[in-house]
Amino acid sequence: MRISHWMDPSATEHQAESPSGATAETPAVTRSESNPKAHKMLWGSRPYWILLVDVVIAWVALWAAINLRFLDGESGDARGLESYFQTTRFVALGLVLMLARTASNLYFSLHRWSFKFSSLRDGARVVLAVTAGTVIFVVLGFFGLRSFGYDVPARGIVALEAMLTLAGLAGFRFMPRLVWMYRADLWGSRRGVRTLIVGAGASGEMLLRSLQRDPDLDYHAVGFVDDDRTKWGHIVGGKPVLGAIDDLPKLAKSLRVRQVVIAIPRLKSSRLRQILSATFVDPVSFKILPMSFGSLEGRDLNETLRDISTEDLMPRAELVFHYDASLPGMDFDPDRCLLVAGAAGSIGSEVTLQLLRLGARRLVMVDTDENGLYVLRRRFECLFPESELIAEVGDIRERSRMQVLFARHRPKDVFHAAARKHVPLMEAAPCEAIKTNVTGTLHLAKAAKEFQVERFVFMSTDKAVRPTSVMGASKRLGELVLQALTHDSQTRFSVVRFGNVLDSAGSVVPLFREQIARGGPVTVTHPEMQRYFMTISEAVGLVLRAAYGDYGRLCVLEMGEPLKIVDLAKQMITMAGLVPDVDVPIQFTGLRPGEKLFEELLNDQETVVETIDKKIRVVEGPPAGSDLLSQVRDLQTAAAAEDEAAVWVLLQQILPEFRSLKRLGSLESTDLSGSIAV
């Protein structure tokens, strides 16, 4: 249930959000003065009865303090007790006390109390209100009571009354929440999913409180685990810290836990992978709190907690690129015409999106997928109505079509994301790989050179390093073609080399997700296979920084350590709340044509000359051969004639480092670096 701003005890401490999304800093009381309905709600029956209860508590505390002060019952004390309980004096004391307490409680807004969401900060308000009220009581007593002939009450009575009033006000305000929490916890223990919280720090404690105060949430927290040994055995929010994170499988079994919530927002991905790789006997679901504990305030917990994603498993923190025109070397002009080839693909569409977010006013999207292009334009036209979006159906393998498009639109920056990239399929169709990845790249690059494009960015792959597949070899040739065209061109050609992009079309992640949903088996080619991974946003961030930073001819993202594919499969099964090799089997199918066990980011002849922001490695390699373009023409002719045998031979001649697994006829001869043992 949504609590309106005027009832929120923290209304004076947090900004309110207007329906339009703008932040309103005007206090709720001020707004209510111009709104009769809000004024009536603010000063309705509820604040009056809260103030009335506060007054009664103060009077009872005063009566009790006087009695406690004269508790021993000696004759002198008895006479003092009688003097305080003279009708007029006690009434005068009570009236002064009532005035003091009411004034201080109003000032500290104790009448605007949320019994369900009271917090430690609200408890501090109670202490301050009692302290201020006591000071007012003493001052009024000194000046007011003496003017009517009454003595100021003894210091012991004042102190006792303050302590009793504090206990009464705090008990009146916090007891409902304690009862509510007890009932919610009792109800949750009967019907909620038994849950362990990883992390007994501030985030974990805040998460537990959120679970306890909302009975509609389907969680029953049974305790915490934390690697901090000093917390073991402690009670946090009424729940015990049961042990270390490594004890999760044992605790999950003994406590019948079915849900684990990770409440450590900046938990290292290596530690997260260890948690998911632990051997759980029974299925356990995982969720993660992806933000700091302070960000939980005012949020729906069901929306805040999310399933662990594959991005969380990367062996490094996800890199965020900031495109700031003020950065040295950044030269993005929103008024220039931009062209994205392969715009309907995973990478191409994200490049298009990020360019539009940067403020691009005229952007040409080129792709052979007419339906994908149509849908993409419709989507971006709604998001960026101020930009001119042009969808052009065209094949980069058709030189005449590219010439027409470049002549028509005169782009200044070109982003080339069109490619044939499926390794086994291209092994079976090598001519297709050459037509797109080599011939298409050459057509785009020549058109860019002819029509004086300023920047041309080619998106390559780590499979181009010491290639063992036609796809990798064709992408390596694309890199060399751009290098050969650079010498006598005003166009700045640059290459961005990717690892595997998570969740891109054709990647292993959506395949595993589909196989897990079917109940398995999850197919992995080899138990030792490893790959570098990056997110789509990282890939596109690298592209744009490389393009507008003008760093060099070849840029590679600092990728961290590669991930084992079989470990990724097991972790994704665990993330789905299932047990690997029990609920979902893992099946090894053997290396496919063109695949190697390990991928590399650089070859032996390439050197890193600069590292930008500890993220982007600028690489230089040997220049392309003087006869490269003539050799490529022969390769193009063979591919156009569908002469696969000639394509294999020419690839080997142009790229001596190319070691085709298919041509050498043995998958088992692949060593751990991906090169061929001959």
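When all heavy atoms of Pro283 and Asp583 are compared, the pair lying nearest together is CG-OD2, 3.6 Å. Between Leu207 and Ala263, the shortest heavy-atom distance links the atoms CD2-CB, 3.9 Å. Closest non-hydrogen pair, Ala569 versus Ile586, comes out as CB-CD1, 4.5 Å. Here the shortest heavy-atom pairing between Val257 and Val284 reads O-CG2, 3.9 Å. What you find for Pro249 and Ala278 is that their closest heavy atoms are CG-CB, 3.6 Å. Listed here is the closest heavy atom pair of Phe224 and Leu196: N-CD2, 4.2 Å.
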Verify salt bridge (charged side-chain N to carboxylate O under 4.0 Å, His left out) between Asp54 and Arg173, making sure each step is shown before the conclusion.
CA-CA 10 Å; Asp54 290 347; Arg173 282 162 169 78; 2.8 Å; yes
Side chain to side chain contact (heavy atoms under 4.5 Å, CB included), that's the test. Do His220 and Val193 meet it? Break it down for me.
CA-CA 5 Å; His220 171 56; Val193 178; over 6 Å; no
Passes side chain to side chain contact (heavy atoms under 4.5 Å, CB included), Val198 versus Ile288? Steps please.
CA-CA 9 Å; Val198 178; Ile288 193 168; over 6 Å; no
I'd like to know whether Leu128 forms a side chain to side chain contact (heavy atoms under 4.5 Å, CB included) with Arg125, so could you lay out the CA-CA distance, the side-chain angles of the two residues, the decisive distance to 0.1 Å, and finally the verdict.
CA-CA 5 Å; Leu128 291 173; Arg125 286 199 293 136; 5.6 Å; no
Where do Phe498 and Asp462 land on the side chain to side chain contact (heavy atoms under 4.5 Å, CB included) test, with the steps shown first?
CA-CA 6 Å; Phe498 292 159; Asp462 54 5; over 6 Å; no
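The main-chain N or O of Gly541 is never found under 3.5 Å from a side-chain atom of Gln354 such that the two would form a donor-acceptor pair. Of the possible polar contacts, none joining the Arg194 side chain to the Ala221 backbone as a donor-acceptor pair under 3.5 Å is found. Side chain of Asn105 to main chain of Leu110: no donor-acceptor pair is present (N/O by atom type, distance under 3.5 Å, no hydrogens or angles). Between the Asp567 side chain and the Leu563 main chain, no donor and acceptor come within less than 3.5 Å of each other. Checked by atom type and distance alone, the side chain of Thr165 never pairs as donor or acceptor with a backbone atom of Met163 at under 3.5 Å. Without hydrogens or angle criteria, Ser203 side chain to Ile264 main chain gives no donor-acceptor distance under 3.5 Å. With hydrogens and angles ignored, the 3.5 Å screen pairs no side-chain donor or acceptor of Thr102 with any backbone N or O of Leu99. A side-chain donor-acceptor contact under 3.5 Å links Glu538 to the backbone of Thr535. Without hydrogens or angle criteria, Asp247 side chain to Gly243 main chain gives no donor-acceptor distance under 3.5 Å.
By the side-chain hydrogen bond (donor to acceptor under 3.5 Å, both in side chains) test, Gln530 pairs with no residue at all, sequence neighbours left out. For Lys287, the side-chain hydrogen bond (donor to acceptor under 3.5 Å, both in side chains) partners are Asp307, not counting sequence neighbours. In terms of the side-chain contact (heavy atoms from CB on, under 4.5 Å) criterion, residue partners of Val584 (sequence neighbours excluded) are, by chain and number, Val522, Ile573, Leu578. Tyr532 pairs by the ring pair (Phe, Tyr, Trp, His ring centres under 6.0 Å) definition with nothing, not counting sequence neighbours. Applying the salt bridge (Lys or Arg N to Asp or Glu O under 4.0 Å) test to Asp246 and every residue at least two apart in sequence or in another chain returns Arg271. With sequence neighbours excluded, no residue forms a ring pair (Phe, Tyr, Trp, His ring centres under 6.0 Å) with Phe108. Legend: residues meeting salt bridge (Lys or Arg N to Asp or Glu O under 4.0 Å) with Lys564, ordered by chain and number and at least two apart, are Glu528. The ring pair (Phe, Tyr, Trp, His ring centres under 6.0 Å) test applied to Trp59 returns Phe90, not counting sequence neighbours. Listed by chain and residue number, Arg209 satisfy the salt bridge (Lys or Arg N to Asp or Glu O under 4.0 Å) test with Glu205 (two or more places apart in sequence, or in another chain). Residues passing the side-chain hydrogen bond (donor to acceptor under 3.5 Å, both in side chains) test with Thr230 are Asp228, sequence neighbours excluded. With sequence neighbours excluded, no residue satisfies side-chain hydrogen bond (donor to acceptor under 3.5 Å, both in side chains) with Arg256.
Between Ile565 and His526, every side-chain heavy-atom pair lies at or beyond the 4.5 Å cut-off. Between Ile245 and Asp226 there is no side-chain heavy-atom pair separated by less than 4.5 Å. Contact annotation: the side chain of Ser285 approaches that of Gln259 to within less than 4.5 Å [non-hydrogen atoms, C-beta and beyond]. Considering only heavy atoms from C-beta on, Leu208 comes within 4.5 Å of Ile197 through its side chain.
For the atom pair Lys253 NZ and Leu255 CG, the distance stands at 12.5 Å (nearest 0.5 Å). Thr131 contributes atom OG1, which lies 7.5 Å from atom CG of Leu166 (distance to the nearest 0.5 angstrom).
Applying the 6.0 Å contact sphere to CZ of Arg229 captures no more than 12 heavy atoms from other residues, nucleotides or ligands. Environment of CZ in Phe588: crowded, with over 12 heavy atoms of neighbouring residues, nucleotides or ligands closer than 6.0 Å.
Residues Arg101 and Thr134 have side chains that bring a donor and an acceptor to within less than 3.5 angstrom of each other. For the residue pair Gln571 / Ser277, a side-chain donor-acceptor distance below 3.5 Å is found, with atom types taken as modelled.
For residues 254-279, the set of pairs meeting the ring pair (Phe, Tyr, Trp, His ring centres under 6.0 Å) definition, not counting sequence neighbours, is empty.
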